[in-house]
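This is a predicted model, so every value here is computed, not measured.
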Amino acid sequence: MRKIRVLVAKPGLDGHDRGALIIAQALRDHGMEVIYTGLRQSPAQIAQAAVQEDVDVIGLSSLSGAHRTLFPKVLEELKHRDAIDIPVIGGGVIPSEDIPYLIDQGIRKIFTSGSSTEVLADYIQELIDPKTKPIEKPKKIAHIGIAVENIDNSLSFYTDALGLELEAVEQVETEGVKVAFINLGESRLELLEPLNDTSPIRRFLDKKGEGIHHIALEVDDIKTRLEQLIKQGVKVINEKPKPGANNSQIAFIHPKAASGVLFEICQHEKSDN
């Protein structure tokens, strides 16, 4: 199979290309062939170059703030040349509120300034190579973990005031925690009570008091997902899955990777029913 060909372009009057050059080199390091059109390219020039170079994907970079106008114009120029099937992705300094608009216009994906080149390269590979199976995104919030001093003293709010159902209570000795599972639609709330002074929940309570401890996301293949996070440079607490409550395998992502939020990824054993 030939190398994936990527056109990297900076539409408009943007006079800085350092970021685009870094991206171009990173994609080359991942084995892709990169055509860089240079600065101050019009949408028509970009579309024409993409057709002439027979590229697989176009990557647009913008720092000027004109992305809402220029990115859709590139798509229009591709359509005029019967080349709308070439996927277009974007990146640069793009406000989050503009991303839904650009996606709605036909841009496949926007990579924000915090995105890694590993994520970008993986996405392009999955987008273009049909043999590359994309890793499924998290399916849902599996549960929200709430640290409490005493489950018995806290439970009535959830079962009486909110009218939720207590499913079960379990002790996870390896984590030093007692867990109460409370049903909430397709998800759960988990009340977490420390069993001893060395429990991570005990340390959390001593430092921050009662409250939300973590958010757990359900995934299909925790091992592959964890390997991908590590490859992408995401800081994790657990490099390998470990046993969790309710017959699950779990791993934690470091809060520094998610604006101070502790995320857990978890995979439950599939039921035979």
Side-chain angles (χ1 to χ4, degrees), residues 3-129 132 134-135 137-138 228 232-234 257-259 261:
K3 290 184 177 180
I4 294 174
R5 292 170 63 82
V6 183
L7 180 79
V8 175
K10 292 187 72 65
L13 301 178
D14 192 343
H16 302 278
D17 65 351
R18 182 173 180 273
L21 292 173
I22 291 173
I23 290 171
Q25 186 57 54
L27 295 179
R28 291 188 183 104
D29 291 343
H30 281 82
M32 299 179 191
E33 188 173 347
V34 179
I35 298 94
Y36 178 49
T37 59
L39 297 172
R40 299 183 176 90
Q41 295 290 298
S42 71
Q45 289 173 316
I46 293 169
Q48 188 62 31
V51 172
Q52 290 176 344
E53 295 289 347
D54 189 25
V55 299
D56 299 297
V57 62
I58 299 171
L60 302 177
S61 176
S62 175
L63 301 177
S64 66
H67 46 270
R68 286 180 64 96
T69 301
L70 295 174
F71 283 16
K73 283 187 176 180
V74 172
L75 294 171
E76 290 178 11
E77 293 293 340
L78 288 172
K79 186 176 181 179
H80 292 333
R81 292 164 175 78
D82 294 323
I84 195 62
D85 58 321
I86 301 175
V88 179
I89 59 178
V93 181
I94 297 177
S96 56
E97 57 266 27
D98 289 347
I99 294 176
Y101 169 78
L102 294 172
I103 298 298
D104 185 61
Q105 293 298 302
I107 303 298
R108 290 292 187 94
K109 188 172 177 65
I110 297 295
F111 292 88
T112 60
S113 57
S115 300
S116 74
T117 54
E118 285 285 344
V119 174
L120 173 61
D122 285 348
Y123 178 80
I124 293 174
Q125 187 73 35
E126 294 168 2
L127 183 66
I128 302 304
D129 184 0
T132 303
I135 298 176
K137 60 186 177 182
Q228 183 196 49
Q232 293 174 350
V234 176
S259 303
V261 179

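Of all heavy-atom pairs between I89 and L120, the closest is CD1-CD1, 3.6 Å. Among all heavy-atom pairs drawn from A47 and E77, the shortest one is CB-CB, 3.5 Å. For I46 against L7, the heavy-atom pair with the smallest separation is O-CD2, 3.5 Å. Counting all heavy atoms, side chain and backbone alike, P11 lies closest to S61 at CD-O, 3.5 Å. Between E97 and P100, the shortest heavy-atom contact is O-CD, 3.7 Å. Pairing each heavy atom of L102 with each of P72, the nearest pair is CD2-CD, 4.3 Å.
Note that CD1 of I94 is 6.0 Å distant from OG of S62, once rounded to the nearest 0.5 Å. Atom-to-atom distance recorded for I58:CD1 and I86:CD1 is 5.0 Å, nearest 0.5 angstrom.
Within the structure, salt bridge (charged side-chain N to carboxylate O under 4.0 Å, His left out) pairs that include any residue of residues 59-71 comprise R68-D98 (at least two apart or interchain). Under the salt bridge (charged side-chain N to carboxylate O under 4.0 Å, His left out) criterion, no residue pair touches residues 86-96, with sequence neighbours excluded. Residue pairs meeting the salt bridge (charged side-chain N to carboxylate O under 4.0 Å, His left out) criterion with at least one partner in residues 82-91, sequence neighbours excluded, do not occur; the list is empty. The list of ring pair (Phe, Tyr, Trp, His ring centres under 6.0 Å) pairs with a residue in residues 63-115, not counting sequence neighbours, reads F111-Y123.
Partners of I84 by side-chain contact (heavy atoms from CB on, under 4.5 Å), not counting sequence neighbours, listed by chain and number: L75, L78, K79. For V51, the side-chain contact (heavy atoms from CB on, under 4.5 Å) partners are R81, A83, not counting sequence neighbours. Qualifying salt bridge (Lys or Arg N to Asp or Glu O under 4.0 Å) partners for D54, counting only residues two or more places apart in sequence or in other chains: none. Considering only residues two or more places apart in sequence or on other chains, T69 meets the side-chain contact (heavy atoms from CB on, under 4.5 Å) condition with K73. Partners of E33 according to the salt bridge (Lys or Arg N to Asp or Glu O under 4.0 Å) rule, which considers only residues two or more places apart in sequence or in another chain, are R5. Under the rule for a side-chain hydrogen bond (donor to acceptor under 3.5 Å, both in side chains), the partners of Q45 that lie at least two apart in sequence or sit in another chain are S42. With sequence neighbours left out, Q228 forms a side-chain hydrogen bond (donor to acceptor under 3.5 Å, both in side chains) with R225.
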Identify all side-chain donor-acceptor contacts of residues 25-32 below 3.5 Å with residues at least two apart in sequence or on another chain.
residue: Q25; atom: NE2; partner: D29; partner atom: OD1; Å: 3.0
residue: R28; atom: NH2; partner: V34; partner atom: O; Å: 3.4
residue: H30; atom: ND1; partner: A26; partner atom: O; Å: 2.9
residue: H30; atom: NE2; partner: E118; partner atom: OE1; Å: 3.4
residue: H30; atom: NE2; partner: E118; partner atom: OE2; Å: 3.4

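Each of D56, I128, V55 was compared with P87 under the side-chain contact (heavy atoms from CB on, under 4.5 Å) criterion, and only I128 meets it. With V57 as the partner, the side-chain contact (heavy atoms from CB on, under 4.5 Å) test is satisfied by one option alone out of V8, V88, I124: I124.
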Show, in sequence, the C-alpha distance, side-chain angles and deciding distance for K109 and L127, and conclude whether the side chain to side chain contact (heavy atoms under 4.5 Å, CB included) test is met.
CA-CA 11 Å; K109 188 172 177 65; L127 183 66; over 6 Å; no
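Between P43 and L70, some side-chain heavy-atom pair lies under the 4.5 Å cut-off. Within the 4.5 Å cutoff, no side-chain heavy atoms of V234 are placed close to those of S116. Between T112 and I99 there is a side-chain heavy-atom pair separated by less than 4.5 Å. Between I107 and V74 the shortest side-chain heavy-atom distance does not fall below 4.5 Å.
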